Amino acid sequence: MAASGLDPATIFPFQLDDFQLEAIEALNRGHSVVVSAPTGSGKTLVGEYAIHRALAHGQKVFYTTPLKALSNQKLRDFREAYGEHNVGLMTGDLSVNREASIVVMTTEIFRNMLYAEADEHDDPLADVEAVVLDECHYMNDSQRGTVWEESIIHCPPPVQLVALSATVANAGQLTDWIEKVHGPTTLVLSDYRPVPLQFSFCSAKGLHPLLNDAGTGLHPNCKVWRAPKGHKRKGRSSKPPQPEPPPISFVVAQMAERDMLPAIYFIFSRRGCDKAVRDLGIQCLVNKEEQVRIQARLTDYSNDNLEAVRDGIHADALLRGIAAHHAGVLPAWKELIEELFQQGLVKVVFATETLAAGINMPARTTVIAALSKRTERGHRPLMGSEFLQMAGRAGRRGLDSMGYVVTVQSRFEGVREAGQLATSPADPLVSQFTPSYGMVLNLLQRHDLNKARELVERSFGRYLASLDLAEEEDVLSNLRLQLGQLEGMAEDIPWEDFEEYEKLRGRLREERRLLRILQQQAEETLANELTLALQFASFGTLVSLKSPQLRGRVTPAVIVDKIDGPGQFPLLLCLSDENVWLLLPCHSVVSIHAELSCLQVDGVAAPDLHKPGELRHGDQASGGLALAVAHMARRHDMTTPQYDLAGEVLTQARMVQALEQEQDAHPAHRWGDRKQLKKHRRRMEELEQEIQERQRLLHHRSNRHWETFLALLEILQQFGCLDELQPTEIGRTVAALRGDNELWLGLALMSGHLDDLAPPDLAAVFEAISTEVNRPDLWSGFPPPPAAEEALHDLSGLRRELLRAQERFGVVVPAWWEPELMGLVEAWANGTDWSDLIANTSLDEGDVVRIMRRTVDLLAQVPFCEAISDQLRSHARQALRSINRFPVAEAEDLLKQAGDQNPATERAA
């Protein structure tokens, strides 16, 4: 939809950057745009231009953000800029002025709206000219990234998309994908930073530059720390310990001295942020006048909401210009900190990285306390994009000529790691697209199965897989070519024969080994018998000898004399058939031929031998006797040791001989280099395996989303949500819900087990089935209410059945079950004070608010579900009113013009 443009100079009273003008021009051509630029570079201006243009055309704009807090902030900003009547808000439990020209919402709400059944009287996207997807790089978020993809896939093509993203490595791929699934899209890339960044490193010795002048590597004065020589490394880690990190008070003092405040100090744990506030002790960073202004604002805040003031330490620290900002803090208190920080009254905010996600809190300096963090999958280094996102908060446009990024020596990382991150590029966006029960039902409500498949296969993940497809197909073609060449070379070889031959060789090897063992056993048994017999053997007895001096040959010989040996047995002086005299011990005799006649040895002169193993060649005189031995050896077997004649040895020897003959007769025995053939065969098998594995992975990458979709479809059919492929009343009820597992929530609501619960008990059960609290030290002083506990117990069979079905189909979708906090929710619904509530749980205030809001979100959806009782509807409304009060409810200023709409599906009640 080409739309006439406005002159930016009439809207913005300052010179625009080139990339902003480029994006505006693309919008005026009717294109969607992807703007990828550093944090703080002015991307939002492109979204603001889209708003001005839509207002000029009498059209609407939806402005989506990833976080509720960000939506609230945008609502306030836009009300100020465009007038209160022009701006609306939609969140999970709230719909304010939804008919306005500018509606701010979380991206989830926009996605849900696209899935909702639009009828001709109430098309939520009627008159919408553009949708701004702020913080579009949130597509990388493992839990919620799918929402951005679904929003882009299902957004009607006439609506222009304005995707605003921090710097990512593959913005071109994102643009190309949006063009394919949505319509003409222009990429606007910029690496321009209006306020340049300067990177520093703080160790216990002080603050110094981190990068060289070109910004490409470490500063020449940076010394990479090395462990002292002789340092013994303890524990599993091979990394030597780093030097002592500097105290936080030292880092803050260094920045204060250099006029680098205000600063956001990123610490990756809530406890760490709160501890840092305590560690600064009585350090005061504000002057008297600033302190008076903070006190005045704090007094106003306390008067409005006394229970929302953080305990003494934090209120006192705020008066000294110091604060902590993280998910454990009350939203109202966080908003107060943000407001004071933007006014320059708070000088240091200790924050977790969630603050880097887009809340408008630019600072002169950002401090990054560690370059690695703990995650669910263990400790890992920061990614380039995470570091850039935090670093990008430094430098306030129009206030600072330079933004400062300070990395700090930590227990795990030093200057080398800091330098690597500061010079690393952004990471690419990946796809987190995940089919859900709600997606299956919503698509089947509006489309047939083929169209549903086409929509599912429009995902960014499928697009990225298709890019790899060509490359992967090339690799596969190359592998198939190699395999074909090998098969061509080996086509004459009947591989079955080769395998049979290899088996035969293996068997022969084994049988020969067994023969050697049997021979050894027989030899040991016979050795003793022969030694004893030799003591009584007469001179002239024929024997067979085996000794190293005879090079392993079994040699026929005759005993000529016996000489006293070193042990109890004599040494034997023998003459061999080759006319060699030997002096050998008894154990060199392997056969005594007692059955043969003795030879006459008296007339032969024996040489004088003394040492065992000594030998001497005979002369003519002994030659006659040697001939006689040779003559006897020819007539009788004198070369087989006696132990080889043992029954089992003979049997085994015959088997070996038969196998040798079989091997010699095998056709494969005559094929040249069998070793080479074996190698050849192994390579062919490896190639076949690799081709199969690559094809399997390729199929999985291309089809996994659709296979998940079909598995979810099967489960939905099993639970009566689909009749053939049409959603039933049960299915339509599940489709109207939003949560981590819509089927579990829907089945629980329709089970009848919740119908008779009083509103506070109903709220308690809703908490248990819709929220996850991943805290190992969790405790609550409020026991679960009996009625809620009984209802939850009644649901356990249903949950078991669902989890079994999911396991059978290989689907992993959590069905939450958190009874520990049911008492807490019931107590709040029954009117308990906030301070009493917080005093009786291990959870932070922010966590309790989040759990209550998740519960409120589900309660708000109940009245719009089809297949539930009127009583449950009524109780859900009452429970919602009892829970949704300050500080759980949004601040008063957001509630102006609140309507009674279901934000989950955007239909009038």
Side-chain angles (χ1 to χ4, degrees), residues 200 202 204 206-207 245-352 354-355 359-369 390 393-394 396 399-400 404 406 408 835 838 844-846:
S200 306
C202 191
L207 194 66
I248 286 170
S249 55
F250 176 78
V251 180
V252 172
Q254 290 281 310
M255 291 191 295
E257 273 173 37
R258 291 167 172 75
D259 194 23
M260 289 165 69
L261 301 178
I264 300 172
Y265 202 125
F266 287 108
I267 296 173
F268 300 128
S269 81
R270 300 175 188 187
R271 298 286 174 267
C273 292
D274 291 343
K275 181 176 180 298
V277 171
R278 287 195 298 275
D279 287 352
L280 284 187
I282 55 166
Q283 208 163 338
C284 185
L285 303 174
V286 292
N287 58 33
K288 280 275 179 277
E289 184 211 335
E290 289 171 329
Q291 203 158 34
V292 169
R293 286 173 64 196
I294 296 170
Q295 182 65 70
R297 182 66 188 90
L298 188 57
T299 304
D300 287 350
Y301 175 85
S302 306
N303 292 340
D304 289 344
N305 16 267
L306 185 62
E307 286 193 317
V309 177
R310 261 197 113 183
D311 63 47
I313 297 170
H314 293 280
D316 175 57
L318 194 61
L319 291 171
R320 291 182 279 109
I322 297 158
H325 184 293
H326 54 70
V329 177
L330 273 182
W333 183 260
K334 279 201 284 193
E335 286 177 12
L336 173 69
I337 291 164
E338 289 160 22
E339 179 193 323
L340 294 173
F341 191 83
Q342 282 158 21
Q343 291 170 17
L345 297 173
V346 169
K347 304 298 181 182
V348 176
V349 170
F350 295 102
T352 51
T354 48
L355 188 125
I359 290 175
N360 184 23
M361 266 182 72
R364 181 169 293 166
T365 301
T366 57
V367 185
I368 300 169
M390 288 183 278
R393 291 277 152 227
R396 298 165 299 173
L399 287 174
D400 301 319
Y404 301 99
V406 179
V408 182
S835 48
I838 297 305
D844 291 333
E845 291 179 289

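Because the structure is predicted, anything quoted here is derived from the model rather than measured.
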*Sub-4.5 Å side-chain heavy-atom contact between S249 and D279*: no
*Check whether any side-chain heavy atom of L340 lies under 4.5 Å from a side-chain heavy atom of Y301, and answer yes or no.*
no
*Determine which pairs satisfy salt bridge (Lys or Arg N to Asp or Glu O under 4.0 Å) with at least one residue from residues 251-267, sequence neighbours left out, and list them in order.*
D259-R364
*Can you tell me how far the CG atom of D844 sits from the NE2 atom of H326, to the nearest 0.5 Å?*
6.0 Å
*If you take all heavy atoms of L345 and V286, which pair is closest and at what distance?*
O-CG1, 3.3 Å
*Say you draw a straight line from CZ of F266 to CZ of R393; how long is it, rounded to the nearest 0.5 Å?*
7.0 Å
_Candidate pair V346 and L318, rule side chain to side chain contact (heavy atoms under 4.5 Å, CB included), full reasoning_ = CA-CA 7 Å; V346 169; L318 194 61; 3.7 Å; yes
*Looking only at heavy atoms, what is the nearest atom pair of V277 and A317, with distance?*
CG1-CB, 3.5 Å
_Heavy-atom pair with the smallest gap, counting every atom of D400 and A363_ = OD2-O, 4.1 Å
*For the side chain of T365 and the backbone of M260, is there at least one donor-acceptor N/O pair under 3.5 Å apart?*
yes
_A327 versus R270, closest heavy-atom pair with distance_ = CB-NH2, 3.7 Å
*Minimum heavy-atom distance A324-D274, with the two atoms named*: CB-OD1, 3.5 Å
*State, with a plain yes or no, whether a side-chain heavy atom of R293 is found less than 4.5 Å away from one of Q343.*
yes
*asked:* To the closest 0.5 Å, what do you measure between CZ (R297) and CG (D300)?
replied: 6.0 Å
*asked:* Is the shortest side-chain heavy-atom distance between C202 and M255 below 4.5 Å?
replied: no
*For residues H325 and I264, determine if any side-chain heavy atom of one lies less than 4.5 Å from a side-chain heavy atom of the other.*
no
*Of all the heavy-atom pairs spanning Q291 and C284, show the shortest one and how long it is.*
NE2-SG, 4.3 Å
*Would a 4.5 Å heavy-atom cut-off, applied to side chains only, mark T366 and M390 as touching?*
no
*Short N-O contact, R320 and D316, less than 4.0 angstrom*: yes
*Taking only residues two or more places apart in sequence, or in another chain, which ones meet Y265 in a ring pair (Phe, Tyr, Trp, His ring centres under 6.0 Å)?*
F350
*All pairs passing side chain to side chain donor-acceptor pair (under 3.5 Å) where residues 281-290 contributes a residue, at least two apart*: E290-K347
*Quick one: does I248's side chain get under 4.5 Å of L280's, heavy atoms only?*
yes
*Just wondering, do L298 and L336 contact through their side chains at under 4.5 Å, heavy atoms?*
yes
